[in-house]
Number of protein chains: 2
Amino acid sequence: MTAAIGGRRRQRSTRQGGLVRDQLAAADGFRSAQSVFSDLRARGEVIGLSTVYRHLQALADDGEADTLQTAEGEALYRLCGQTSHHHHHLVCRICGRTEEIEGRGVEQWAAQMAEQHGFTDVGHTIELLGICGACTADGTKS
Amino acid sequence: MTAAIGGRRRQRSTRQGGLVRDQLAAADGFRSAQSVFSDLRARGEVIGLSTVYRHLQALADDGEADTLQTAEGEALYRLCGQTSHHHHHLVCRICGRTEEIEGRGVEQWAAQMAEQHGFTDVGHTIELLGICGACTADGTKS
DNA sequence: CGCCTCAATGATAATGATTACCACACTTCG
DNA sequence: CGAAGTGTGGTAATCATTATCATTGAGGCG
């Protein structure tokens, strides 16, 4: 397998693929598939919902995008592959602003817990949801 | 803490409510609403899907049950209220066995990260998914 | 340059979990 | 006993996501 040759992609590069990627790149925070789709359509682009889902998943599979799920079960995507190292997110639950944070300590804690309980092959889901400074200021008066 | 006058609940206690609670109590790990429902039905109990969802959510609201979501967007519930302090879970992705773990360090880390980025009112979602000792042994030969 | 092959696309139907609705049963109280 | 109201549960509706499948466009080859 000539697998990991540079940026070689196994699939053809298409206009739609670029659109989805661009749309993600343009956003600061996480975007839902549905919102990416409707935004693209709103901009007059011609693209199908299926295609958006397809590319979003492809990006996630390639590790170029991170995903997380809202409490309502909606999947959110974000381009993060640039920083190739493992990291987590601190997301504003109001404006959606997302900060990337490191979790050295957490990784260790997770590994330790796993070992302590005899678990192997342990992965973790860690997301922090809060309200960012700007939004806190806004909401103060309410 | 005789506060709430024993087990006083604001709603009537019904047979179905007990069934759902029992079914959850009987399980070691997290259960999906659908599975609780079909198990109950399989045992010959007469109960509606709506009712199962209702009670599951009620338990979650009362803080008597914890919830988490699978990657496929399915909600899972587990009775955990007994241990009233905040904790996290280490779940076996094969057999579903669940260990409750403490996260002193993690809580601190989360709070610290939040402060560092000017976020307030920060909550976190932390779940560890792995393979427990028993299942590791089973899968060794594969 | 035109053709051929096949991945990519996209409209639509299907799926699956969850919720909304609503008529009916059972409790409780007067 | 009857009124009033909560809880129930079947069914339809919702919503995100996935599968289906005929059509389109990309690229390589002759």
Side-chain angles (χ1 to χ4, degrees), chain A residues 2 7-24 27 29-62 64-78 96, chain B residues 5 7-24 27 29-62 64-78 96:
Chain A
T2 43
R8 244 290 163 284
R9 183 117 320 106
R10 34 220 158 287
Q11 60 246 6
R12 295 177 185 166
S13 69
T14 63
R15 183 180 56 86
Q16 289 87 342
L19 284 178
V20 172
R21 192 200 197 78
D22 285 352
Q23 189 65 207
L24 265 198
F30 281 84
R31 304 284 310 278
S32 74
Q34 303 279 347
S35 105
V36 168
F37 171 67
S38 52
D39 274 18
L40 244 21
R41 273 300 180 85
R43 287 203 330 208
E45 301 291 354
V46 176
I47 190 172
L49 179 57
S50 315
T51 308
V52 172
Y53 273 101
R54 223 172 344 234
H55 281 287
L56 247 20
Q57 287 204 344
L59 287 172
D61 285 349
D62 280 4
E64 297 190 56
D66 280 353
T67 70
L68 62 80
Q69 310 220 159
T70 66
E72 305 89 52
E74 206 177 3
L76 303 182
Y77 300 81
R78 180 174 200 248
Chain B
I5 312 180
R8 246 290 164 282
R9 184 118 319 109
R10 33 215 159 292
Q11 59 245 3
R12 294 179 188 167
S13 69
T14 62
R15 183 180 56 88
Q16 289 86 342
L19 284 179
V20 172
R21 193 201 195 78
D22 285 353
Q23 189 65 207
L24 265 197
F30 282 84
R31 304 284 309 278
S32 74
Q34 302 279 348
S35 104
V36 167
F37 171 67
S38 53
D39 274 19
L40 243 23
R41 273 302 179 85
R43 285 202 330 206
E45 302 290 355
V46 176
I47 191 173
L49 179 57
S50 315
T51 307
V52 172
Y53 272 101
R54 225 174 343 237
H55 283 286
L56 247 20
Q57 288 203 342
L59 287 173
D61 285 349
D62 280 4
E64 297 190 54
D66 281 353
T67 69
L68 61 80
Q69 311 220 158
T70 65
E72 305 89 51
E74 205 177 4
L76 304 184
Y77 300 81
R78 180 177 200 246

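Because the structure is predicted, anything quoted here is derived from the model rather than measured. Residue numbers start from 1 in every chain, and the chains themselves are labelled A, B, ... in the order their sequence lines are given, proteins ahead of strands.
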Kindly give the atom pairs (protein nitrogen or oxygen, nucleotide nitrogen or oxygen) under 3.5 Å for nucleotides 9-15 of chain C.
{"from": "C:dT9", "atom 1": "OP1", "to": "A:Thr14", "atom 2": "OG1", "distance (Å)": "2.4"}
{"from": "C:dT9", "atom 1": "OP1", "to": "A:His55", "atom 2": "NE2", "distance (Å)": "3.1"}
{"from": "C:dT9", "atom 1": "OP2", "to": "A:His55", "atom 2": "NE2", "distance (Å)": "2.9"}
{"from": "C:dT9", "atom 1": "O3'", "to": "A:Gln16", "atom 2": "NE2", "distance (Å)": "3.2"}
{"from": "C:dG10", "atom 1": "OP1", "to": "A:Gln16", "atom 2": "NE2", "distance (Å)": "3.0"}
{"from": "C:dG10", "atom 1": "OP1", "to": "A:Val46", "atom 2": "O", "distance (Å)": "3.3"}
{"from": "C:dG10", "atom 1": "OP2", "to": "A:Gly48", "atom 2": "N", "distance (Å)": "3.0"}
{"from": "C:dG10", "atom 1": "OP2", "to": "A:Thr51", "atom 2": "OG1", "distance (Å)": "3.0"}
{"from": "C:dG10", "atom 1": "O5'", "to": "A:Gly48", "atom 2": "N", "distance (Å)": "3.4"}
{"from": "C:dG10", "atom 1": "N7", "to": "A:Arg54", "atom 2": "NH2", "distance (Å)": "2.7"}
{"from": "C:dA11", "atom 1": "OP2", "to": "A:Arg41", "atom 2": "NH2", "distance (Å)": "3.0"}
{"from": "C:dA11", "atom 1": "N6", "to": "A:Ser50", "atom 2": "OG", "distance (Å)": "2.9"}
{"from": "C:dT12", "atom 1": "O4", "to": "A:Ser50", "atom 2": "OG", "distance (Å)": "3.4"}

One should read off an interatomic distance between A:Arg31 CZ and A:Phe37 CZ, to the nearest 0.5 angstrom, of 13.0 Å

When rounded to whole Å, the CD to C1' distance for the pair B:Glu45 and D:dT8 reads 15 Å

Atom CG of B:Leu56 and atom P of D:dG7 are separated, to the nearest Å, by 17 Å

Quiz prompt | Heavy-atom side-chain proximity of B:Val52 to B:Gln23 below 4.5 angstrom | solution = no

When rounded to whole Å, the CD to P distance for the pair B:Gln57 and D:dT8 reads 14 Å

B:Glu72 CD to C:dT18 P, in whole Å, measures 11 Å

Taken to the nearest 0.5 Å, the spacing of B:Glu72 CD from A:Gln69 CD works out to 8.5 Å

On a heavy-atom basis, the closest approach of B:Arg21 and B:Leu59 is NH1-CD2, 3.5 Å

*asked:* Under 4.0 Å from OP1 or OP2 of D:dA16: is there any side-chain N or O of A:Gln69 that close?
replied: no

d(B:Leu49 CG, B:Arg41 CZ) to nearest 0.5 Å is 8.5 Å

Base, sugar-phosphate alone, or nothing: which one does A:Glu74 contact when heavy atoms must sit under 4.0 Å apart? sugar-phosphate

**Message:** Please determine whether a side-chain nitrogen or oxygen atom of A:Tyr53 lies at a distance below 4.0 Å from atom OP1 or OP2 of D:dT17.
**Reply:** yes

CG of B:Leu56 to OG1 of B:Thr67, rounded to nearest 0.5 Å, is 9.5 Å

In whole angstroms, the gap separating C1' of C:dT19 from CD of B:Gln34 amounts to 12 Å

